[in-house]
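Each remark here refers to the structure printed beneath this line.
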Amino acid sequence: MIYEIAVLPVYEDKIREFRQAFESVVPLLTRAQGYRGHVLAQGIETPKVFTLIVLWRSLEDHTPGFEASEDHEEFMRGIRAYFSEEPTVYHLEGGSLAANEHDKGEVAA
């Protein structure tokens, strides 16, 4: 499995609109070949910085796969205007997240 990590700096006064825009383009991401799941998380210390983590079956499914597609172009058109600077994207290779025995069944709000 491959984790795509995208650090997304968002204009502070556009955070709510960014979240709405992201939700509207999520179907473009979720239907991509090799897509296995994602999480969009907002920074606690830096609330204007979001991190998007996408789980891909392979690096090729993300790049060139999704990145070369019209769906990716439309995905980016839907959220690009909210970025205060160019996002940083990188990839990690690894397995699934491990949970502590004490955390099983608990979900953070």
Side-chain angles (χ1 to χ4, degrees):
M1 292 291 156
I2 299 296
Y3 294 91
E4 169 198 1
I5 313 297
V7 180
L8 311 173
V10 174
Y11 290 109
E12 198 165 357
D13 61 340
K14 299 290 184 186
I15 289 173
R16 184 178 325 128
E17 293 92 338
F18 168 72
R19 284 183 170 281
Q20 293 169 342
F22 184 84
E23 286 305 313
S24 73
V25 297
V26 160
L28 298 164
L29 174 64
T30 62
R31 69 184 183 200
Q33 181 177 330
Y35 167 87
R36 295 293 182 256
H38 78 276
V39 62
L40 178 68
Q42 185 175 12
I44 294 173
E45 294 82 7
T46 55
K48 62 183 181 179
V49 178
F50 287 77
T51 300
L52 172 62
I53 303 171
V54 183
L55 182 59
W56 295 98
R57 181 183 54 200
S58 70
L59 181 60
E60 292 75 22
D61 285 328
H62 177 235
T63 180
F66 181 60
E67 282 194 348
S69 72
E70 180 57 37
D71 277 355
H72 181 262
E73 285 298 316
E74 190 174 337
F75 179 86
M76 291 305 294
R77 274 194 301 271
I79 60 175
R80 185 178 291 129
Y82 302 98
F83 298 153
S84 60
E85 58 187 80
E86 191 66 27
T88 301
V89 178
Y90 59 96
H91 299 88
L92 302 173
E93 185 173 28
S96 60
L97 292 172
N100 180 317
E101 284 295 318
H102 301 289
D103 295 334
K104 289 188 177 177
E106 293 181 22
V107 177

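Hydrogens, waters and symmetry mates are skipped; everything else that's a heavy atom, side chains included, is used.
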Are [X] and [Y] connected in the hydrophobic side-chain network, where two residues link if heavy atoms are under 4.5 Å apart?
{"X": "Ile44", "Y": "Val49", "result": "no"}
{"X": "Val26", "Y": "Tyr82", "result": "yes"}
{"X": "Val89", "Y": "Ile53", "result": "no"}
{"X": "Val7", "Y": "Met76", "result": "no"}

* Check the pair Phe75, Phe22 against side chain to side chain contact (heavy atoms under 4.5 Å, CB included), reporting the backbone distance first and the verdict last. => CA-CA 8 Å; Phe75 179 86; Phe22 184 84; 3.8 Å; yes

* Asked: Any luck finding a side-chain donor-acceptor pair between His91 and Glu4 under 3.5 Å?
  ->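 Absent: no donor and acceptor within the cut-off.
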
* Asked: Above 12 or not: heavy atoms from other molecules or residues under 6.0 Å from CG of Leu92?
  ->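 Atom CG in Leu92 is crowded, with more than 12 foreign heavy atoms closer than 6.0 Å.
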
* Enclosure of Glu93 CD (heavy-atom neighbours >12, cutoff 6.0 Å) ->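 Not buried by this count: 12 neighbours or fewer within 6.0 Å.
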
Give the minimum heavy-atom separation between [X] and [Y], together with the two atoms involved.
{"X": "Ser58", "Y": "Ile2", "answer": "C-CG1, 3.7 Å"}
{"X": "Ala21", "Y": "Gly78", "answer": "CB-O, 3.4 Å"}
{"X": "Phe50", "Y": "Pro47", "answer": "CE1-O, 3.8 Å"}

Can you measure from [atom1] ([X]) to [atom2] ([Y]) and round to the nearest 0.5 angstrom?
{"X": "Asp61", "Y": "Leu55", "atom1": "CG", "atom2": "CG", "value": "10.5 Å"}
{"X": "Glu73", "Y": "Leu28", "atom1": "CD", "atom2": "CG", "value": "11.5 Å"}
{"X": "Leu40", "Y": "Leu52", "atom1": "CG", "atom2": "CG", "value": "6.0 Å"}
{"X": "His62", "Y": "His72", "atom1": "NE2", "atom2": "NE2", "value": "5.5 Å"}

Sequence neighbours excluded and cut-off under 3.5 Å, please list the side-chain donor-acceptor pairs for residues 9-18, or say none.
none

* Asked: Is there a salt bridge (Lys or Arg N to Asp or Glu O under 4.0 Å) between Arg80 and Glu86 once you walk through the steps?
  -> CA-CA 9 Å; Arg80 185 178 291 129; Glu86 191 66 27; over 6 Å; no

* What pairs meet the side chain to side chain donor-acceptor pair (under 3.5 Å) rule with one or both residues in residues 37-49, with sequence neighbours excluded? ->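 Output for this query lists Arg19-Gln42, Tyr35-His38.
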
* Asked: Which pairs, with at least one residue in residues 21-44 and sequence neighbours excluded, count as a salt bridge (charged side-chain N to carboxylate O under 4.0 Å, His left out)?
  ->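 Non-adjacent pairs meeting salt bridge (charged side-chain N to carboxylate O under 4.0 Å, His left out): Arg31-Asp71.
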
* **Proximity of Trp56 and Tyr3 rings by center, below 6.0 Å** =>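 Centroid separation for Trp56 and Tyr3: 6.0 Å or greater.
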
* Take Leu8 and Thr51 through the test side chain to side chain contact (heavy atoms under 4.5 Å, CB included) and record every step on the way to the result. => CA-CA 6 Å; Leu8 311 173; Thr51 300; over 6 Å; no

